[in-house]
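Below, chains carry the letters A, B, ... as their sequence lines are ordered, and counting in each starts from 1. Hydrogens, waters and symmetry mates are skipped; everything else that's a heavy atom, side chains included, is used.
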Amino acid sequence: MSAWERPWCGRVTRENLGQKVELVGWVRRRRDLGGLIFADLRDRTGLVQLVFEDEMVAAGEQLSGQDVIRVRGVVRPRAEGQANPNLATGEIEIRVSELEILTESETPPFVIEDDTNASEDLRLTYRYLDLRRPVMTANLVLRHRIVAETRRYFDEMEFIEVETPILTRSTPEGARDFLVPSRLHKGAFYALPQSPQLFKQLLQVAGLGRYIQIARCFRDEDLRADRQPEFTQIDVEASFVREEDIFVLTEGLFRRIFPLAGIPFPAKVPRLDYFEAMERFGSDRPDTRFGLELVELGPLCEGCGFQVLENAAATGRVKGLVLPGGAALSRKQLDQLSDFVKPYGAAGLLWFKRTENGVASPAKKALGEAGAARFLDAAGAGEGDLLLAVGGSEKVVFASLGALRVELAKEHGLIPGGRHDFLWVTGFPLLEWSEEDGRFYACHHPFTSPLPEDAGRLESDPGSVRARAYDIVMDGVELGGGSIRIHDPALQRRMFRALGIGEEEANARFGFLLEAFRYGVPPHGGIALGLDRIVMLMAGRDSIRDVIAFPKTTSGSCLLTGAPAGVDPAQLKELGLKP
RNA sequence: GGGGUCGUAGUUCAGUUGGUUAGAACGCCGGCCUGUCACGCCGGAGGUCGAGGGUUCGAGUCCCUUCGGCCCCGCCA
């Protein structure tokens, strides 16, 4: 029987009753009843029950877990009352008449089941066994379907998939580059791309019009649960487009892929201004599935009598949020919340409780009962509620309350199960001032176009200029972002000037792009979507490692291969890195 | 670069104020068992307590150093 005709284990059903079939797969579990042996045979599609009886019992006794076998047998219905409703193949079984053990397996280092309790480092060391677990296999299958649907969608939209170089040129600004030494040019280096940004813009100059790439990107920065040093973007760029076009295009894609995981995509995706997002949620990627919105407390602090608040309001911001029913929190719990907020730079967390006995707060002594009550009133806190406040620089207040908001929602189960919120965040600042370096940096990248109505202030008040940039956010996770690019060479020069990049430096770094723009550049823009994060959210996982076949640990090593590793001194010599 | 947390049998964990022979479950091995699907029952093997050093009559337990996993801040869209 040809390999392509042989049925998958998980797809043998009543339809096949009475047929003689050949099956291959891994032995999952043997149930030896003495004169009768059951075993599960599995492949990536699922499992089917094998029966060894009469003359086959002796053969069945040889099997052990994870052996790879080929069997022939007849598909027959299970005995009366013995069907397993939990299995797609639960109504049938294979009465084995021929068994061939193709390879034997040693006892695996952990149980290859969905509910394995193996630690993640063990799973990563034996990733091929981990991926054999049905949940992990399902993640890879889902990822494949998303990618396949993405390619289908963009093909229908007449986008062209183009591969861009992996060995490219280091582009400063942004993340740290991975470098690859050149053998032919000793002392010179390629860089791995942080994204195909410049190439996809050049493809617009080339007249391609609509570009898509499932692109691998590399950034040499510290890792997180949702950050790997190499990751995959759905990279998109198109000519003669405006923001609306990109929104429609992206929503159209999501409307096609999210249903693959049973997640409906809304007819309309709300838009949220960046500054409003920060004021209301303390984050530019807010999770809008729950409330706990930030409230303004600054004006109340002026002359309130509590020195700490007066100072904070005078030099920065004071904001808070109300946890309904939070007055029941213990002193210990409040201390823990205070500790939670400290890594974000908050000096402390000030709390106000409204109880049936009045107001309780460490600030009550300084503010008085009525003064403290005014804070609760302003925040809209009712009886039994808790107001948590942070004062300090705007950055610290937003960062700490934004994180606290999410933490409280998780801790108190305020996130509705099964709900998913999508939104566009727009109106980002174009530039961000760096105190350390005493210069502006591009929030997105140096080719992002300013809003036309703000562009006039590029020289007079650069910090106030907003960008034609946008992010798409799902459940508090940034799925991707993009912008309409600068296509006017004069505007690009002004942008470089605002960034403190001189003519000479700009030519040295991005000369090829500027040169290209001299020969007829169409207005263009695009977006890059984080495929790993999209798959992670669709699969309902907390880490992108679960949707990447061979991920790195948080220290950037691969426990399976041992990368990164030392190399032969001869290799270094060849590269001119060692004498 | 910084903070937190974990590391004991193949695996996941327990291990008291420092005290004799480091336990449990699952897995594995052997035996019995003809309708199991987390099969069941009986028996057995299996340990550099992450590594190195120190304190102590005595260290899985206390101290120092170090390695590794995970989470977070910084960093990174």
Roughly, in whole Å, what's the span from [atom1] in [X] to [atom2] in [N]?
X	N	atom1	atom2	value
A/Arg30	B/rG35	CZ	P	17 Å
A/Ile37	B/rG35	CD1	C1'	13 Å
A/Phe52	B/rU36	CZ	C1'	14 Å
A/Gln82	B/rC39	CD	P	14 Å
A/Tyr274	B/rA77	OH	C1'	12 Å
A/Lys410	B/rC72	NZ	C1'	11 Å
A/Leu41	B/rU36	CG	P	21 Å
A/Tyr441	B/rA77	OH	P	12 Å

* Would you mind building the protein contact string for nucleotides 41-48 of chain B? One character per nucleotide, 5' to 3', B for base within reach (heavy atoms under 4.0 Å), S for sugar-phosphate only, - for untouched. => --------
* Take nucleotides 6-12 of chain B nucleotide by nucleotide from the 5' end and write B, S or -, depending on whether a protein heavy atom sits under 4.0 Å from the base, only from the sugar-phosphate, or from neither. => ----SSS
Residue pairs fulfilling salt bridge (charged side-chain N to carboxylate O under 4.0 Å, His left out) with at least one residue in [range], sequence neighbours excluded:
range	result
residues 53-63 of chain A	A/Glu53-A/Arg76, A/Glu53-A/Arg95, A/Asp54-A/Arg95, A/Glu55-A/Arg95
residues 548-559 of chain A	A/Glu230-A/Lys552
residues 393-412 of chain A	A/Arg317-A/Glu394

Are [X] and [Y] an aromatic pair by the rule of ring centers under 6.0 Å?
X	Y	answer
A/Phe422	A/Phe258	yes
A/Phe218	A/Phe231	no
A/Phe428	A/Tyr470	no

[N] pairs with, by Watson-Crick or G-U criteria that keep both distances under 3.5 Å:
N	answer
B/rU5	B/rG69
B/rG35	none
B/rA25	B/rU11
B/rG52	B/rC64

* **Pairing residues for A/Phe110 by the ring pair (Phe, Tyr, Trp, His ring centres under 6.0 Å) criterion, not counting sequence neighbours** =>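 Partners of A/Phe110 by the ring pair (Phe, Tyr, Trp, His ring centres under 6.0 Å) criterion come out as none, since no residue qualifies.
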* To do: Can you sort out the partners of A/Tyr344 under ring pair (Phe, Tyr, Trp, His ring centres under 6.0 Å), two or more places apart, ordered by chain and number?
  =>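 Partners of A/Tyr344 under the ring pair (Phe, Tyr, Trp, His ring centres under 6.0 Å) test: A/Phe340.
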Provide the distance between the two [atom1] atoms, one in [N] and one in [M], to the nearest whole Å.
N	M	atom1	answer
B/rG46	B/rG10	C1'	9 Å
B/rU17	B/rU61	P	15 Å
B/rC6	B/rG50	C1'	11 Å
B/rG31	B/rC71	C1'	48 Å
B/rU16	B/rC62	C1'	15 Å
B/rG19	B/rG58	C1'	7 Å
B/rG60	B/rC41	P	36 Å
B/rG54	B/rA14	C1'	28 Å

* List in numerical order all residues of residues 218-227 of chain A for which some heavy atom is under 4.0 Å away from an atom belonging to RNA chain B. =>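 Close to the strand are A/Arg219, A/Glu221, A/Asp222, A/Arg224, A/Ala225, A/Arg227.
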* Can you list, by residue number, the residues of residues 541-559 of chain A that have a non-hydrogen atom closer than 4.0 angstrom to RNA chain B? ->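 The stretch gives A/Arg545, A/Thr553, A/Thr554, A/Ser555, A/Ser557 as the residues lying under 4.0 Å from the strand, ordered by number.
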Classify the nucleic acid contact of [X] as base, sugar-phosphate or nothing, counting any heavy atom under 4.0 Å across all strands shown.
X	value
A/Glu93	base
A/His444	base
A/Arg76	base

* To do: Report, as yes or no, whether the 6.0 Å neighbourhood of atom CZ on A/Arg533 holds more than 12 heavy atoms from other residues, nucleotides or ligands.
  => yes
* Using a cut-off of 6.0 Å, state whether more than 12 heavy atoms not belonging to A/Arg439 lie near its atom CZ. =>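 More than 12 within 6.0 Å, yes.
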* Return the orientation label for the A/Tyr126 and A/Tyr128 ring planes: parallel under 30°, perpendicular over 60°, tilted otherwise. =>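 Aromatic pair A/Tyr126/A/Tyr128 classed perpendicular.
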* **Listed nucleotide nearest any side-chain atom of A/Asp40, set B/rU36, B/rA77, B/rC37** =>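 The answer is B/rC37, which lies nearest to the side chain.
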* Report the nucleotide, chosen from B/rC76, B/rG35, B/rC33, that has the shortest atom-to-atom distance to any side-chain atom of A/Asp32. => B/rC33
* **Under 4.0 angstrom between A/Arg31 side-chain N/O and B/rC39 OP1 or OP2** => yes
* **Short side-chain N/O contact from A/Gln194 to OP1 or OP2 of B/rC76, under 4.0 Å** => no
* side-chain hydrogen bond (donor to acceptor under 3.5 Å, both in side chains) with A/Asp130: which residues, sequence neighbours excluded? -> A/Arg123, A/Arg127, A/Arg133
* To do: Would you kindly compare A/Gly35 and A/Pro343 by the position of their nearest RNA chain B nucleotide and give the one closer to the 5′ end?
  =>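 Of the two residues, A/Gly35 wins.
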* For A/Asn84 and for A/Gly65, locate the closest nucleotide of RNA chain B by heavy-atom distance; then report the residue assigned to the nucleotide nearer the 5' terminus. => A/Gly65
* Asked: Would you call A/Asp532-A/Arg143 a salt bridge at under 4.0 Å N-O?
  ->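 Yes, this pair counts.
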* Does A/Arg466 come within less than 4.0 Å of A/Asp454, counting only side-chain N to carboxylate O? -> yes
* To do: Just jot down the side-chain contact (heavy atoms from CB on, under 4.5 Å) partners of A/Arg176, sequence neighbours excluded, or say none.
  =>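 Per chain and number, A/Arg176 pairs via side-chain contact (heavy atoms from CB on, under 4.5 Å) with A/Asp220, A/Glu221.
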* Side-chain-base donor-acceptor pair under 3.5 Å for A/Arg78 and B/rC37 -> yes
* Residue pairs involving residues 535-544 of chain A (criterion side-chain hydrogen bond (donor to acceptor under 3.5 Å, both in side chains); sequence neighbours excluded) -> A/Arg541-A/Asp546
* NZ-CG distance between A/Lys332 and A/Asp335, expressed to the nearest 0.5 angstrom -> 10.0 Å
